[in-house]
Amino acid sequence: GAVVSQHPSRVICKSGTSVKIECRSLDFQATTMFWYRQFPKQSLMLMATSNEGSKATYEQGVEKDKFLINHASLTLSTLTVTSAHPEDSSFYICSALGPGRDEKLFFGSGTQLSVL
Amino acid sequence: DAKTTQPPSMDCAEGRAANLPCNHSTISGNEYVYWYRQIHSQGPQYIIHGLKNNETNEMASLIITEDRKSSTLILPHATLRDTAVYYCIVRAINYGQNFVFGPGTRLSVLP
């Protein structure tokens with residue numbers, strides 16, 4: 001199946017700093033990628049939809065100036081958490097629609113962000 | 001909001017079949033049923049999907065009722081590595097719909 005690579009897997013940062021998370025589709029081109037966040041013992045919550053070459057579409061309640069998404073190529077989308085605070089600590093997961101007509105979603109391995 | 005309801009948790013003995021139910025009584029005619037699972041601290045993994053016919057692959061079988069209002073994911077011989085949260089999602093293809101995850105079912109495979 002299609003492979004989505006996400007880095008870093010874990011990051012610890014100080015409050016006020018910015019953190020960039022990369023999501024790459026390794027063996028296919030992804031025109032659409034999705035970013036989710038997940039708090040402990042909760043389900044995945046969609047943050048935004050990223051389309052190659054255009055602005056991301058954010059879900060209600062997600063601050064676009066805080067969570068910057070760039071999808072500059074067909075194989076790379078990045079999420080930057082700007083001026084991170086402890087409440088931004090969470091598990092962030094990217095995903096991409098795979099090739100083929102049946103639109104299966106393939107996920108990265110996730111990034112655990114801890115803001116001190 | 002998720003369009004599906006699933007039991008919050010289930011247990012299954014190792015080596016036995018695990019049958020995970022999902023209700024999707026408001027499913028539309030063009031919506032598929034997808035199943036994903038998430039092992040602790042990992043990204044979700046695709047399992048199977050279908051429209052109205054039963055489907056089988058190397059991981060599982062998907063049984064969809066004739067009225068399409070419910071479905072069952074079957075893991076024929078559960079192993080300890082199948083312990084995970086299983087998510088049932090309904091979504092139309094080619095309409096730009098998002099994948100909306102509900103709480104899922106936490107399956108515990110017991111030795």
Side-chain angles (χ1 to χ4, degrees), chain A residues 1-10 21 23-26 28 31-51 54 56-60 62 79 90-114, chain B residues 1-9 22 28 30-53 55-60 62 64 73 83-108:
Chain A
V3 178
V4 175
S5 175
Q6 183 174 346
H7 292 281
S9 59
R10 181 178 294 273
I21 302 170
C23 181
R24 296 180 184 273
S25 56
L26 294 187
F28 67 101
T31 56
T32 303
M33 290 186 174
F34 302 91
W35 287 92
Y36 292 84
R37 67 188 296 183
Q38 185 176 33
F39 292 108
K41 298 189 183 300
Q42 294 187 20
S43 188
L44 285 76
M45 295 285 293
L46 180 66
M47 297 176 66
T49 302
S50 167
N51 293 298
S54 64
T57 303
Y58 290 81
E59 295 300 298
Q60 191 173 9
V62 178
L79 168 68
S90 186
F91 191 56
Y92 293 87
I93 314 170
C94 73
S95 61
L97 282 176
R101 296 174 56 189
D102 52 4
E103 296 191 349
K104 289 184 285 192
L105 198 60
F106 295 93
F107 287 83
S109 53
T111 297
Q112 182 63 53
L113 172 63
S114 299
Chain B
D1 290 340
K3 300 178 182 178
T4 62
T5 56
Q6 300 175 251
S9 64
C22 179
S28 300
N30 62 349
E31 288 182 319
Y32 286 67
V33 180
Y34 289 79
W35 283 84
Y36 283 80
R37 73 180 182 184
Q38 185 179 25
I39 296 171
H40 182 61
S41 297
Q42 297 182 23
Q45 175 190 24
Y46 167 82
I47 301 174
I48 199 168
H49 76 290
L51 182 63
K52 54 184 178 181
N53 297 323
E55 302 286 339
T56 295
N57 62 20
E58 64 279 4
M59 290 184 68
L62 173 61
I64 303 175
L73 178 74
T83 292
V85 178
Y86 287 76
Y87 299 99
C88 169
I89 301 165
V90 296
R91 176 185 181 271
I93 286 179
N94 296 326
Y95 284 84
Q97 284 188 4
N98 296 325
F99 284 78
V100 179
F101 285 76
T105 295
R106 182 173 298 277
L107 175 68
S108 298

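Here is the naming used below: chain letters follow the sequence lines, and residue numbers restart at 1 for every chain.
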Value rounded to 0.5 Å, distance of CD1 in Ile48(B) from CG in Leu73(B):
7.0 Å
When the 4.5 angstrom heavy-atom criterion is applied to Leu105(A) and chain B, the contacting part is both
Applying salt bridge (Lys or Arg N to Asp or Glu O under 4.0 Å), which residue pairs with at least one partner in residues 86-95 of chain B are found, sequence neighbours left out?
Glu103(A)-Arg91(B)
Considering only heavy atoms, which portion of Tyr36(B) lies under 4.5 Å from any heavy atom of chain A: side chain, backbone, both, or neither?
side chain
What class does the angle between the rings of Phe101(B) and Tyr87(B) fall in, given that below 30° is parallel, 30 to 60° is tilted and above 60° is perpendicular?
perpendicular
Given that the side chain runs from C-beta out, which part of Phe99(B) has a heavy atom under 4.5 Å from chain A: side chain, backbone, both or neither?
both
What residue pairs, at least two apart or across chains, pass salt bridge (Lys or Arg N to Asp or Glu O under 4.0 Å) with a residue in residues 31-47 of chain B?
Lys3(B)-Glu31(B), Arg37(B)-Asp82(B)
Among the listed options Gly104(B), Pro44(B), Ser41(B), the residue most often paired with chain A at heavy-atom distances under 4.5 Å:
Pro44(B)
Counting only non-hydrogen atoms closer than 4.5 Å, does Gln6(A) touch chain B with its backbone (N, CA, C, O), its side chain (CB onward), both, or neither?
neither
What part of Ile93(A) gets within 4.5 angstrom of chain B, counting heavy atoms only: side chain, backbone, both, or neither?
side chain
What is the minimum heavy-atom distance between Ser95(A) and Cys23(A), and which atoms define it?
N-SG, 4.4 Å
Heavy-atom contact with chain B under 4.5 Å, split by part of Gln112(A)
neither
Nearest atoms (heavy-atom pairs only) where Gly50(B) meets Glu55(B):
CA-CG, 4.0 Å
